[in-house]
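Note that the structure is a prediction, hence the values are computed from the model and not measured. In what follows, every chain begins at residue 1, and chains take the letters A, B, ... in the order their sequences are listed.
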Number of protein chains: 2
Amino acid sequence: MATLNRPGAPDGHICGIDTAMEVIGGKWKVLILWALHEHPYRRFGELRRLLPGITEKVLASHLREMEADGIVGRVSYDEVPPRVEYSLTEDGARLNASLEPLAAWGRERADRQG
Amino acid sequence: MATLNRPGAPDGHICGIDTAMEVIGGKWKVLILWALHEHPYRRFGELRRLLPGITEKVLASHLREMEADGIVGRVSYDEVPPRVEYSLTEDGARLNASLEPLAAWGRERADRQG
DNA sequence: CAGTATCCCTACTGATACTG
DNA sequence: CAGTATCAGTAGGGATACTG
């Protein structure tokens with residue numbers, strides 16, 4: 001065996017996990033995913049409040065990347081004051097669902113350690 | 001609702017995913033996990049060859065962190081030349097298993113996009 | 001309200017050389 | 001073989017102020 005690469009996989013991509021890791025790699029992305037999963041439509045300020053510690057810049061750039069990756073949808077209503085609603089796309093919902101076993105593992109570990 | 005924090009969860013830990021993300025956060029960790037899963041015992045040089053591009057320093061530090069996190073076991077045989085074998089702990093094996101749906105999501109996405 | 005625009009900073013990663 | 005030690009580079013993240 002030469003490397004772990006799957007045949008036909010893009011260079012540096014081995015088993016699908018790294019593809020997924022690139023998409024959820026940002027520090028807050030899984031939490032954004034989670035927040036959007038709990039409630040189908042969230043506004044920018046809502047997300048900011050839900051993620052204590054995140055800055056506007058980081059939230060905005062994460063959302064833009066997730067939108068570009070096709071896991072988050074964005075709808076802007078032409079109102080005053082402005083209103084923008086973020087949601088999971090179908091792919092984003094499946095991504096979030098695929099994270100559930102990982103979350104279960106983390107919960108168990110957190111509970112074990114207090 | 002104030003935040004996404006679970007009751008009783010350590011500060012900044014929300015749904016278990018972030019706990020898990022901390023453990024697999026290093027750039028190569030999921031791939032190390034994968035390599036150790038494919039073959040129960042791996043030597044240092046073997047892992048280095050399996051992960052083209054990783055440097056010795058990064059591989060060593062990742063392995064030490066994963067050992068400290070209790071997901072990788074290390075056995076050093078007192079021989080000449082030295083031999084060290086790395087393996088998944090039970091917890092590491094469960095972690096790896098919990099990554100499988102995520103890997104499936106990534107594989108599907110990679111296949112869709114070529 | 002929903003973002004940009006700047007500036008900064010350090011933690012992670014990497015290259016290279018060396019050692020028990 | 002299985003690692004350290006040292007030195008740098010950089011990208012991601014953060015603080016703050018400002019805008020349509």
Side-chain angles (χ1 to χ4, degrees), chain A residues 3 11-14 17-18 20-33 35-36 39-69 71-87, chain B residues 3 11-14 17-18 20-33 35-36 39 41-69 72-87:
Chain A
T3 77
D11 203 41
H13 288 74
I14 293 181
I17 292 192
D18 37 5
M21 289 302 287
E22 278 175 16
V23 173
I24 61 174
K27 182 172 178 186
W28 301 84
K29 286 188 181 174
V30 293
L31 303 183
I32 294 174
L33 235 40
L36 292 176
H39 188 108
Y41 291 89
R42 297 280 198 193
R43 303 181 60 171
F44 188 88
E46 231 177 325
L47 289 170
R48 191 179 36 188
R49 274 189 300 280
L50 285 166
L51 305 170
I54 200 171
T55 63
E56 299 175 337
K57 174 196 160 188
V58 170
L59 177 55
S61 74
H62 278 192
L63 284 170
R64 260 180 273 114
E65 287 173 15
M66 295 167 84
E67 199 188 345
D69 283 332
I71 59 176
V72 161
R74 190 193 114 116
V75 177
S76 172
Y77 297 88
D78 213 357
E79 303 174 358
V80 176
R83 179 163 62 104
V84 175
E85 286 185 344
Y86 293 95
S87 59
Chain B
T3 78
D11 203 41
H13 288 75
I14 293 180
I17 291 192
D18 38 5
M21 290 301 288
E22 280 175 15
V23 172
I24 61 174
K27 182 173 178 185
W28 302 84
K29 286 188 181 174
V30 292
L31 302 183
I32 295 174
L33 235 40
L36 292 176
H39 187 109
Y41 291 89
R42 297 279 199 194
R43 303 180 60 170
F44 188 87
E46 230 176 326
L47 289 170
R48 190 179 36 189
R49 275 188 302 277
L50 286 167
L51 305 170
I54 199 171
T55 63
E56 301 175 335
K57 176 193 159 189
V58 170
L59 177 55
S61 75
H62 277 191
L63 284 170
R64 258 180 272 113
E65 287 173 16
M66 295 168 83
E67 200 189 343
D69 283 333
V72 161
R74 189 194 114 116
V75 177
S76 171
Y77 297 88
D78 212 357
E79 303 173 358
V80 176
R83 180 162 62 104
V84 175
E85 287 185 345
Y86 293 95
S87 60

Rounded to the Å, how far apart are B:E56 CD and D:dA5 C1'?
-> 12 Å
Check whether any side-chain heavy atom of A:R48 lies under 4.5 Å from a side-chain heavy atom of A:R42, and answer yes or no.
-> no
Does B:R43 have a side-chain nitrogen or oxygen under 4.0 Å from the phosphate oxygens OP1 or OP2 of D:dC1?
-> no
Contact under 4.0 Å: B:H62 side-chain N or O vs C:dC12 OP1/OP2 | no
Set of residues satisfying side chain to side chain donor-acceptor pair (under 3.5 Å) with respect to B:E65, sequence neighbours excluded | B:K29
Residue mapping more 5' on DNA chain D - nearest nucleotide basis, A:E65 or B:F44 | B:F44
According to a strict under-4.0 Å criterion, is B:R64 in side-chain N/O contact with OP1 or OP2 of D:dT4?
-> yes
Answer yes or no: does a side-chain N or O of A:R83 lie under 4.0 Å from OP1 or OP2 of C:dA2?
-> no
Tell me the partner of C:dG20, counting only Watson-Crick (N1-N3 plus N6-O4 or O6-N4) or G-U wobble (N1-O2 and O6-N3) with both under 3.5 Å; none if nothing fits.
-> D:dC1
Using a cut-off of less than 4.0 Å, is there contact between a side-chain N or O of B:R74 and OP1 or OP2 of D:dG3?
-> yes
State the pairing partner of C:dC8; accept Watson-Crick or G-U wobble contacts with both distances under 3.5 Å, and report none otherwise.
-> D:dG13
Distance check: side-chain N/O of A:Y86 vs OP1/OP2 of C:dC1, anything under 4.0 Å?
-> no
Establish, with yes or no, whether the OP1 or OP2 oxygen of C:dT6 is under 4.0 angstrom from a side-chain nitrogen or oxygen of A:K57.
-> no
